[in-house]
Amino acid sequence: MDVTDLLDGLNDAQREAVAAPEQHLLVLAGAGSGKTRVLVHRMAWLLRTGQASAHGIMAVTFTNKAAREMRDRVEKLLNVPSRHMWIGTFHSLAHRLLRHHWREAGLPEQFQIMDSDDQLRLIKRLMKQMQIDDTKYPPKQAQWFINQQKDEGVRAQYVQGVNNPFERTMAGVYDAYEKACQQSGLVDFAEILLRSHELWLNNPDLLQHYRQRFRHILVDEFQDTNAVQYAWLRMLGGSQGQAPSATTNYLMAVGDDDQSIYGWRGARIENIQRFPQDFAGAHTIRLEQNYRSTMTILQAANEVISHNSGRLGKNLWTEGEQGDPISLYAGFNEQDEARFITSSIDSWVKQGHKKGSVAVLYRSNAQSRVLEEAFIREGIPYRIYGGQRFYERLEIKNALAYLRLIQSRHDDAAFERVVNVPTRGIGERTIMILREHARSQGISLWQAAHEARELGLLTARAANSVEGFTQLIDRLSAQTLDQTLDETVHYVVEKSGLIEFHKKEKGEKGQARVENLQELVTAAQEFDVGDSEEPPLKTFLDEAALDAGDAQAEAFEDSVQLMTLHSAKGLEFELVFLTGMEDGLFPHKMSQDDPQRLEEERRLCYVGITRAEKKLYLIYAEHRRLHGQDHYGRLSRFVKEIPTTLVEEVRLKSQVSRPVSSQRAYRDTAALDDSGLRLGQIVSHPVFGEGTVLNFEGSGPQARIQVNFRAEGSKWLVLAYAKLEAVNSERC
DNA sequence: GAGCTACGTTTTTTT
DNA sequence: AACGTAGCTC
């Protein structure tokens with residue numbers, strides 16, 4: 001069969017990766033180097049050359065989006081359905097294993113996936129039961145602790161460092177949590193991975209079966225794997241034992257150590273760094289030719305990232321043009337920062353560009369508010385990328401809980417969530433009784449609800465309400481028996497009273513919620529049940545639990561994209577603004593004292609820079625109000641790492657605006673007038689160098705001035721002695 | 001059970 | 001500053 005067309009249009013490194021002989025491969029794919037293309041073509045190559053069958057390939061990603069894209073592209077390239085190929089996220093593939101082998105995995109057949117919301121509720125409840133002071137030990141931290149341990153593959157009984165009281169308490173909660181999950185057949189996200197790893201560990205035959213089946217494993221974003229994922233992959237794809245003949249599987253790891261930005265949630269950059277050692281005979285290929293950005297942008301990115309240590313090493317280059325210089329703008333404050341951005345976007349759009357070609361990136365979500373306000377004021381359509389996801393919304397989770405109860409009456413998390421939504425007179429008191437009874441009898445809340453009534457544990461009124469609820473569920477269940485999936489969803493959303501409930505809610509919020517519920521029905525209509533033997537509803541619910549659902553389901557107006565640097569990974573835009581380029585904000589102050597975390601921040605900066613195709617703006621604010629406090633940040637060290645020859649400072653001709661309102665602003669103006677200086681003015685000091693005027697105080701010989709110096713940070717000086725010189729700021 | 005107030009929190013996010 | 005939550009009152 002002719003396979004050369006699969007190499008058409010690829011560069012040498014890409015070809016090498018696609019057509020490599022059977023061996024472990026590490027593909028270091030720089031930003032914009034065509035990594036998905038290589039991955040997809042490699043799969044096609046393996047199939048077409050007969051080195052693998054569709055049955056024998058596994059392709060793993062982190063997000064559903066990436067999995068979907070890979071699937072689509074394979075289908076398009078080969079023009080065959082990819083149905084029975086194992087392409088999916090770590091979680092969906094591991095979940096598939098657990099569903100097939102629930103018995104061996106020590107799970108009930110109807111085990112339920114719990115999202116982080118459910119998880120936190122459970123932890124809170126357990127901690128209350130254990131009478132742990134939740135001010136000293138916040139449940140959020142317990143959740144964090146548990147997930148961290150699980151990501152590392154550590155079970156409760158093996159937790160280290162239980163000498164200090166905090167860790168001991170946390171370990172205790174973890175232990176209770178583990179037991180509670182096991183008892184109710186609940187599985188959290190980390191558990192899916194850990195459990196499926198243990199499944200193989202404890203069932204060598206099973207592992208052997210899958211090893212024989214999946215001879216070729218391809219992994220995307222390898223730098224983001226955590227300890228368990230890595231162990232899982234090594235088990236499946238790694239060399240087994242010492243016998244050379246035992247090495248029959250081939251792992252292709254595609255990733256970029258320079259884009260590892262998820263260390264804080266368990267990702268281990270070491271996994272990619274030591275891949276060549278752990279996977280014997282691995283061949284490393286570097287994709288360094290970039291098809292996205294101008295040379296200027298790549299030079300800046302290369303230069304910044306070169307300040308990191310222990311890199312596998314990589315240098316992006318392009319055949320494209322040098323492009324525009326990077327623009328650096330010093331805003332007076334965050335409002336000025338936002339204003340500059342909107343006006344720059346205005347002229348960009350006037351030049352005939354689409355708003356959708358622009359992204360404004362920030363380190364933390366708190367920064368988005370001011371930007372949003374500016375966009376609204378200027379009437380520029382924008383969209384916030386990320387944020388709350390569809391399946392995480394309260395009303396959606398409630399609707400899903402009803403569906404889950406129909407699926408399985410013994411789903412306690414679902415029971416608790418909606419037993420009183422819409423309100424039907426079942427209060428905390430009643431639920432406590434049910435919980436207590438369920439716990440003592442080792443039964444589900446559903447069963448407890450029935451027994452409690454029969455045993456007369458409830459007041460007449462409560463018993464009545466509870467019966468109303470259980471009857472409602474039974475009725476919904478009976479009535480939807482012969483319905484299709486979307487009919488069921490539609491029916492349940494209506495008859496559960498949720499629509500009615502949210503309609504009564506005041507404000508636009510209720511309206512939006514009703515719309516979301518309708519959107520859920522649409523999602524059910526469009527849901528592809530596939531060839532699963534399970535009931536469609538179960539498949540739908542499982543998938544919903546593992547798919548946050550893209551938040552961007554909304555109408556597709558041409559709009560500017562606002563997002564955090566983290567969510568920008570993998571995306572590209574012609575014009576990119578990196579905002580808040582101040583030490584303390586970016587790099588974030590929580591990270592700047594730890595060299596490792598600082599390097600991760602630098603990688604984040606690298607990710608940000610390499611999002612830009614044509615033009616990059618770096619923006620910072622001399623003065624920023626954050627969480628109600630003033631900050632006088634200094635230019636981010638990362639900006640200083642960019643060669644000055646690539647950067648051009650921008651200063652607006654129009655005067656920088658002062659803080660509005662307030663008596664002080666008025667007084668400041670007076671003080672400014674007789675000094676000849678004004679707020680936002682660039683001044684030069686014989687010792688401290690250049691800086692920006694931030695504030696004024698007093699008048700005459702007592703007048704003091706606050707200047708934020710580039711190199712020294714902000715200082716108060718006595719105007720009469722300061723020997724400040726105004727720097728001409730009209731050079732642009 | 002709803003509505004109000006006071007208090008605490010606040011890096012980054014996927015599954 | 002702004003938002004969510006917890007606890008309190010009616």
Side-chain angles (χ1 to χ4, degrees), chain A residues 60-67 88-95 113-120 124 128 134-135 138-141 144 147 150-151 187-194 196 221 224-226 228-229 260-267 334 361-370 373 385-389 391-392 394 420-431 461-462 465 504-506 542-551 563-570 580 584-592 597 600-601 603-605 607-608 624-630:
Chain A
V60 198
T61 65
F62 275 85
T63 65
N64 289 297
K65 195 174 153 210
T89 63
F90 276 101
H91 288 85
S92 71
L93 297 176
H95 178 239
I113 301 170
M114 186 173 33
D115 69 13
S116 36
D117 216 68
D118 299 329
Q119 186 186 34
L120 186 61
K124 274 185 186 161
K128 207 166 225 171
D134 60 3
T135 54
K140 266 252 160 62
Q141 280 198 37
W144 176 252
N147 288 336
K150 286 195 177 191
D151 283 344
V187 169
D188 61 44
F189 293 134
E191 182 74 25
I192 294 175
L193 301 174
L194 183 52
S196 81
E221 304 281 16
D224 289 338
T225 51
N226 66 28
V228 172
Q229 287 158 339
S260 164
I261 55 173
Y262 287 113
W264 52 275
R265 66 172 197 214
E334 68 269 35
L361 310 182
Y362 37 82
R363 176 69 238 267
S364 62
N365 288 115
Q367 289 168 252
S368 74
R369 209 195 77 245
V370 178
E373 283 165 4
Y385 200 94
Q388 222 200 0
R389 264 146 267 273
Y391 287 112
E392 275 166 20
L394 180 100
N420 199 33
V421 180
T423 40
R424 47 174 75 84
I426 301 171
E428 191 54 30
R429 177 101 198 95
T430 308
I431 295 171
R461 211 172 116 193
S465 304
K504 274 190 290 197
E505 243 180 332
K506 46 186 180 265
D542 280 341
E543 205 129 314
L546 287 176
D547 183 357
D550 272 333
M563 68 190 86
T564 63
L565 284 153
H566 281 87
S567 18
K569 192 169 84 154
L585 192 60
F586 188 33
H588 197 275
K589 63 174 180 307
M590 305 296 273
S591 301
Q592 61 188 357
R597 301 178 74 180
E600 183 156 311
E601 296 273 323
R603 293 193 289 269
L604 192 56
C605 182
V607 167
R624 184 182 296 277
R625 259 186 104 76
L626 211 56
H627 312 310
Q629 277 190 316
D630 290 313

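Each chain gets a letter, A, B and so on, in the order its sequence line appears, and its residues count up from 1. In this text, all values refer to a predicted model and were calculated from it rather than measured experimentally.
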**Request:** For salt bridge (charged side-chain N to carboxylate O under 4.0 Å, His left out), just list the numbers for Glu334(A) and Arg625(A), CA-CA rounded to whole Å, side-chain angles, deciding distance to a tenth of an Å, and then say yes or no.
**Result:** CA-CA 8 Å; Glu334(A) 68 269 35; Arg625(A) 259 186 104 76; over 6 Å; no

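Distance from the side chain of Trp264(A) is smallest to dT13(B) among dT13(B), dT10(B), dT14(B). The side chain of Ser591(A) lies closest to dT11(B), out of dT13(B), dT14(B), dT11(B). Taking only side-chain atoms of His566(A), from C-beta outward, the nucleotide of dT12(B), dT15(B), dG1(B) with the closest atom is dT12(B). The side chain of Thr89(A) approaches dT15(B) more closely than any other nucleotide in the set dT15(B), dT11(B), dT13(B). Closest to the Thr423(A) side chain, of the nucleotides dG1(B), dT13(B), dT15(B), is dG1(B).
Comparing Asn420(A) and Glu600(A) by the nucleotide of DNA chain B that holds the closest heavy atom to each, the one mapping nearer the 5' end is Asn420(A). Comparing Ala366(A) and Arg424(A) along DNA chain B, the residue whose closest nucleotide (by nearest heavy atom) sits nearer the 5' end is Arg424(A).
Counting any heavy atom pair closer than 4.0 Å across all strands shown, Glu392(A) reaches a base atom. When heavy atoms are screened at a 4.0 angstrom cut-off, Arg597(A) is found touching base atoms of the nucleic acid. Leu361(A) comes within contact range of no nucleotide atom at all, as no heavy-atom separation falls under 4.0 Å. No contact: Lys140(A) has no heavy atom under 4.0 Å from any strand. Here Asn64(A) lies in heavy-atom contact (under 4.0 Å) with sugar-phosphate atoms only. As judged by a 4.0 angstrom heavy-atom cut-off over every strand, Ser567(A) is placed among residues touching the sugar-phosphate backbone only. Among the atoms of the strands shown, none is found under 4.0 Å from any heavy atom of Asp224(A).
The distance between atom CD of Gln119(A) and atom P of dT13(B), rounded to the nearest whole Å, is 18 Å. Remark: C1' of dT10(B) and CG of Leu626(A) are 9 Å apart, rounded to the nearest angstrom. With rounding to whole Å, Gln229(A) atom CD is found 12 Å from dT15(B) atom P. Here the P atom of nucleotide dT15(B) and the CE atom of Met114(A) are 18 Å apart, to the nearest Å. The nearest whole Å value for the distance from the CZ atom in Arg389(A) to the P atom in dT15(B) is 7 Å. Atom pair His588(A):NE2 and dT13(B):C1' shows a separation of 15 Å (rounding to whole Å applied). Put simply, CZ on Arg625(A) is 15 Å from C1' on dT10(B), counting in whole angstrom units. Leu194(A) places its CG atom 22 Å from the P atom of dT14(B), with the value rounded to the nearest Å.
For dT15(B), the base is not stacked against the aromatic ring of His91(A), per a cut-off of 5.5 Å between centres and 30° between planes. Using a 5.5 Å limit on the distance between ring centres and a 30° limit on the angle between planes, the aromatic ring of Tyr262(A) does not count as stacked on the six-membered base ring of dT12(B).
Using a 4.0 Å cut-off between charged nitrogen and carboxylate oxygen, Arg389(A) and Asp547(A) do not count as a salt-bridge pair.
For DNA chain C, the span of nucleotides reached by chain A at under 4.0 Å from its heavy atoms goes, 5' to 3', from dA1(C) to dA6(C).
The six-membered or imidazole ring of His566(A) lies near that of Trp264(A), with a centre-to-centre distance under 6.0 Å.
For the residue pair Asp224(A) and Ser260(A), the shortest heavy atom distance occurs at OD1-CA, 4.2 Å.
With contacts defined as side-chain heavy-atom distances shorter than 4.5 Å, the pair Asn147(A)/Phe189(A) does not qualify. Between Phe586(A) and Leu604(A), the closest side-chain pair of non-hydrogen atoms falls below 4.5 Å. Taking 4.5 Å as the limit, every side-chain heavy atom of Tyr385(A) sits out of range of all side-chain heavy atoms of Thr564(A).
Contact between the side-chain N/O atoms of Ser116(A) and the OP1/OP2 oxygens of dT14(B) is not found at any separation under 4.0 Å. When the side-chain nitrogen and oxygen atoms of Asn365(A) are compared with OP1 and OP2 of dT12(B), one or more of them lie within a distance under 4.0 Å.
The cationic group of Arg265(A) lies under 6.0 Å from the six-membered ring centre of Tyr262(A) and within 45° of the ring axis, placing it in a cation-pi geometry.
Among Val187(A), Val228(A), Leu93(A), the one residue that satisfies the side-chain contact (heavy atoms from CB on, under 4.5 Å) test with Ile192(A) is Val187(A).
Judged by distance alone, with hydrogens and angles left aside, Arg265(A) brings no side-chain donor or acceptor close enough to the base of dT15(B) to form a pair under 3.5 Å.
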